[in-house]
Peer 1: 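A single structure is presented below for examination.
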Amino acid sequence: MGSSPSNTANTTEEKVVSNGVNHTAPIATKGLAVDSASSPFKVFDFERRVPKPDDVFIRIHYCGICHSDIHQVKNEWHTSKYPMVPGHEITGVVEQVGSNVRKFRIGDHVGVGCMVDSCLQCNSCKKNFEQHCPDTAFTYSSTELDKVTPTYGGYSNFITVKEHFVCKVPKNLPLDAAAPLLCAGITTYSPLRQHNVGKNTRMGVIGLGGLGHMAVKFGVAMGAHVTVISTSESKRDDATKLGAKAFLVSKDAEQLKGAENSFDFIIDTVSAQHDVAAMINLFAFQGVYCMVGAPPKPAEIPSFVLLFKRPIITGSLIGGMKETQEMLDFCGKHEITCEIEKIEAIPEQINVAYDRTLKSDVKYRFVREYFICKVPKNLPLDAAAPLLCAGITTYSPLRQHNVGKNTYMGVIGLGHMAVKFGVAMGAHVTVISTSESKRDDATKLGAKAFLVSKDAEQLKEAENSFDFIIDTVSAQHDVAAMINLLAFQGVYCMVGAPPKPAEIPSFVLLFKRPIITGSLIGSMKETQEMLDFCGKHEITCEIERTSDKRKKST
Ligand SMILES: [Zn+2]
Ligand SMILES: [Zn+2]
């Protein structure tokens, strides 16, 4: 839910609640709703449920207006349910708790973000990534777990939410400026943590909108050296005030040239069309490029960047409940809040705020369309490469991404060196090939399973099942279909370089948080380590055979 919240609705005058309530019947609630994609907001009367034993009943004080609210109100994602009460950046005060609730007491300051329930039993839920649960109940324009009861969001005065999906807001944070932390905050905080941004990280933030300014604040608080990269010189002062140490104008070719190879981590918050390839040039060897916006048109990423820089190109979408709480605690400790403008929660003001958000911020509009990564042919690997080349090329990424016991590893194309290394490292190796005829060879090399990549049914069954995939094929092939096979946060490493563009839909980057990377040979130290490993495990490379196979398969 990449977003640029710019307004916060003041839903009540009340600042302090000292006494709890004890509702035993459904609670009459007032919200602001739209009836269709084209209708204006109006006052809407509905009921919140009586708190069940695991529920918390909250009086809502503030709710952020997120860009994704606007898209859903206008049904731009084609999933809208009406009447719709939007709002998923909610802060308020606890007024009643169910009998099993332990984390919260009456009077606590709390927040509710993009989701209000999930199964809590699937792998995603168990790993604290409730937002990736197949059954997630989103805060509005969604249904409860019963798949029937509609959910209504935070443009309202009360909400009843399962304890697990409520966060504590530290008391030193104002409830109004803390509201957008529940969406824009966690969307930027989560990838910074995942990629270990900290002291001495040279971090770039592309775009200084709603998401960008949060990324700067978090980066600065984590001790990173933050540079803001913006199309407009006019944002320089804002960047400096937020704590950025440097500023780059992305339209100035000379400035970009001077900054090449200088960033360890870049977070790209821009949803408008922009030159991603030029930005990727800015990061250093093995740098991380994380997209939290989703530009509408294809981004071009030359394959030589993947091969030579070994970058990690990835994406991110909000965060789980555990991390959201961690983020709020971090904000409390560092006194981080969002820049906001408050309005009254009445239909007229919401209507105006929507128009203004769209007009003033149209550059950062979040467009949920697929984009395509274009990877032109550049450096095909030598098909007959000897051990010193093919060997280290496959060994190195396996080591870098900690392939080992229990790793579910896929090898696309019968990259026989990759299979040998994977097996020797203890991984469960599956060979993925266009041709059933390779099955015997794969088994002989030690692979435990075999997938025919042209068999849609086999692919379907194998979706989300690999921790690590090494793609050794230089012939044209469907990379998007292969990336579907990755589990959440899986690694996809390309060591071949197909001649035509590979299509990588942005939803994969946002929802799977994959690591898409490439690799090309290794350092001398690692090459020696690889040779020692080969000696220990009696691994050799059969040059003639590799050459034959390549000819047959292309
Ligand atoms: Zn949002
Ligand atoms: Zn689940």
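Note that ligands are numbered from 1 as they come in the structure, with each ligand's atoms numbered from 1 the same way.
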Peer 1: Identify which one of K126, H164, M321 satisfies the side-chain contact (heavy atoms from CB on, under 4.5 Å) criterion when paired with L120.
Peer 2: H164

Peer 1: Just to confirm my numbers, could you give the angle made at the Zn ion (ligand 1) by NE2 of H88 and SG of C183, rounded to 10°?
Peer 2: 120°

Peer 1: Count, excluding waters, the protein N, O or S atoms that are closer to the Zn ion (ligand 2) than 2.8 Å.
Peer 2: 4

Peer 1: Under 30°, 30 to 60°, or over 60°: which ring-plane class applies to H23 and F158, parallel, tilted or perpendicular?
Peer 2: perpendicular

Peer 1: If only side-chain N and O atoms count, and only distance matters, is there a donor-acceptor pair under 3.5 Å linking Y82 with N75?
Peer 2: no

Peer 1: Take R202 and T227 through the test side chain to side chain donor-acceptor pair (under 3.5 Å) and record every step on the way to the result.
Peer 2: CA-CA 8 Å; R202 297 165 300 170; T227 300; over 6 Å; no

Peer 1: Testing L248, I229, V270 for side-chain contact (heavy atoms from CB on, under 4.5 Å) with M279, which one passes?
Peer 2: I229

Peer 1: Measure up the F488 and F129 rings against each other and bin them: parallel (under 30°), tilted (30 to 60°), perpendicular (over 60°).
Peer 2: perpendicular

